[in-house]
There are 4 protein chains.
Amino acid sequence: MIKVDTSSFVPIYEQIKKEFKKEIFRGDLKPNDPLPSIRDLATELLINPNTVARAYRDLEMEGFIYTKKGKGCYVADDSTRFMAEERKSILMISIDEAIEEAKKFGLSPEEIKRLFEERLGASLKGIDKGE
Amino acid sequence: MIKVDTSSFVPIYEQIKKEFKKEIFRGDLKPNDPLPSIRDLATELLINPNTVARAYRDLEMEGFIYTKKGKGCYVADDSTRFMAEERKSILMISIDEAIEEAKKFGLSPEEIKRLFEERLGASLKGIDKGE
Amino acid sequence: MIKVDTSSFVPIYEQIKKEFKKEIFRGDLKPNDPLPSIRDLATELLINPNTVARAYRDLEMEGFIYTKKGKGCYVADDSTRFMAEERKSILMISIDEAIEEAKKFGLSPEEIKRLFEERLGASLKGIDKGE
Amino acid sequence: MIKVDTSSFVPIYEQIKKEFKKEIFRGDLKPNDPLPSIRDLATELLINPNTVARAYRDLEMEGFIYTKKGKGCYVADDSTRFMAEERKSILMISIDEAIEEAKKFGLSPEEIKRLFEERLGASLKGIDKGE
DNA sequence: GTGGTCTAGACCACC
DNA sequence: GTGGTCTAGACCACA
């Protein structure tokens, strides 16, 4: 389910954090649900367990998950406390960035809108292909 | 004109490279136009000259600019050779990322579209505010 | 194994690049073989790690090696793709330069040939001396 | 007559120095012959007069030329004093470098010799083409 | 431990 | 003044 892009400039642990925040917000992960074990996730993503551990540690510090020593990590009861603003900021930032890029390349608002809708359409078709 | 975000995960030199590629594509920088001197730009951006030099060196290796020793750096004659695909890839990537984020947060295509148009509107008003 | 001449006009990082290209071409370095670590090679050559890093970064941009973050640098699978022409150009250039020098000093083709063979003989004896 | 390669790592003033040493050795420039004026040569080579001045200054310090203030630069009477060893070292160095390159690329002595003769032949034909 | 980025500051070739 | 190379050493992400 979770994917990471090792060629991205964004650190892998940040990508992992973001993925879990999304799953929690969507409700795919509910309070007290267990997260995959550090070793399993590291194996699945072909990365070092330390990197997953770093992501989990951050998520715990931010209050999204809690850790039972010797058992594993679980979604916190109040995990959705900050989710609305988290969601908003993550979405706003990425959309605003895309708009900024397009403006800096000299595209008009109409062109930007058309391009976005084109990509949105392509993305929806992508779903059918099982992505 | 150019801005960099030192808190971003994207390296400063990559941000500088992208900015100049946009200016060249828009035509704000034409073939044989001089780029700001390394020291001047470093002073303006409050960063180290080596960081600007790294960006300029990369741009030269990628064929966008050329260097006259002791004189300065200039936009290459064939600087727009790869610009179409560069522009496309940069725009596609940022737009697709925004769409991916929204989908992963569980938004429907209609919600994504509405949110995008809302941000696009906000961005256009931003221009009036003198950004 | 690798040597650099810090008094040469040729930048150290260029000398390092050339050495690795030769090793790859000769087959002493095969695809997926690891290169020496940046710090180790810098220590061995008595130069700054940044200088080695510059050479490795260039080799990566030119497609001869690839980098695994936190692991090291490795010879690329298609590292020999451009090697034939690289080798040819490097060899042609140095031989042609030697011939040009000799001609400009007024030597006849016969004298040039004799001098070259004399040096080649001296070089072969040099091997026996354990160079 | 004189050529410089601005893309070479060898400084332009070093290339100019070497060219004049060759001309003196060949006898194309004899004691008390005038050198081209700094401005003329700079114009001809499309470089900055300071660069030519640097080359002339070095040649004077090394005893190959002398300067008459307000008149120009002239070949020194004892200009050939060091020429034999200069010539030898310049030729040895470039030939030995070419041989070293070839050896490092894994060529056998026979291959090196054949390649050298091939290039020497090509070079002689080049003369006919008016190079 | 690895490589990547960035800083601060030196020296050099060239304009 | 310009850019290019190199050094010394910092911090970070990753294994």
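Below, chains carry the letters A, B, ... as their sequence lines are ordered, and counting in each starts from 1.
Taking 4.0 Å as the cut-off between side-chain N and carboxylate O, E62(D) and K17(D) count as a salt-bridged pair. With salt bridges taken as basic N to acidic carboxylate O contacts below 4.0 Å, one links K18(D) and E101(C). The pair E100(C)-K103(C) meets the salt-bridge criterion, with a side-chain N (NZ, NE, NH1 or NH2) lying under 4.0 Å from an Asp/Glu carboxylate O.
In this model, no donor atom of one side chain and acceptor atom of the other lie less than 3.5 Å apart for Y13(A) and N50(A).
Side chain of E97(B) to main chain of S94(A): no donor-acceptor pair is present (N/O by atom type, distance under 3.5 Å, no hydrogens or angles).
For the pair K21(B)/F64(B), a side-chain contact is recorded, criterion being any heavy-atom separation below 4.5 Å from C-beta on. Y74(D) places none of its side-chain heavy atoms less than 4.5 Å from the side chain of D33(D). With a 4.5 Å cut-off on side-chain heavy atoms, I2(D) and F20(D) count as touching.
Around NZ of K104(D), the count of heavy atoms belonging to other residues, nucleotides or ligands within 6.0 Å exceeds 12.
Contacts between residues 12-20 of chain D and DNA chain E, counted as heavy-atom distances below 4.0 Å, involve I12(D), Y13(D).
F25(B) and F105(A) have their aromatic ring centers within a separation under 6.0 angstrom.
Heavy-atom distances to DNA chain E give each of T6(B) and L35(C) a nearest nucleotide, and the one nearer the 5′ end belongs to L35(C). Nearest-nucleotide mapping onto DNA chain F: of R39(C) and P11(A), the residue sitting toward the 5' end is R39(C). Where N48(B) and I38(C) each meet DNA chain E at their nearest nucleotide, the meeting point lying more 5' is that of I38(C).
For the OP1/OP2 pair of dC14(E) and a distance below 4.0 Å, the side-chain nitrogens and oxygens of R54(D) include no atom meeting the criterion.
Protein chain B touches strand DNA chain F; the 5'-most and 3'-most nucleotides with an atom under 4.0 angstrom of its non-hydrogen atoms are dG1(F) to dC6(F).
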Checklist outcome for this item: DNA chain E in dot-bracket form (Watson-Crick or G-U pairs under 3.5 Å, [ ] crossing, | inter-strand) is ||||||||||||||.

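Contact between S79(C) and V75(C) at its shortest, heavy atoms only, is OG-CG1, 3.3 Å.
In this structure, D58(D) atom CG and dC12(E) atom P are separated by 13 Å, rounded to whole Å.
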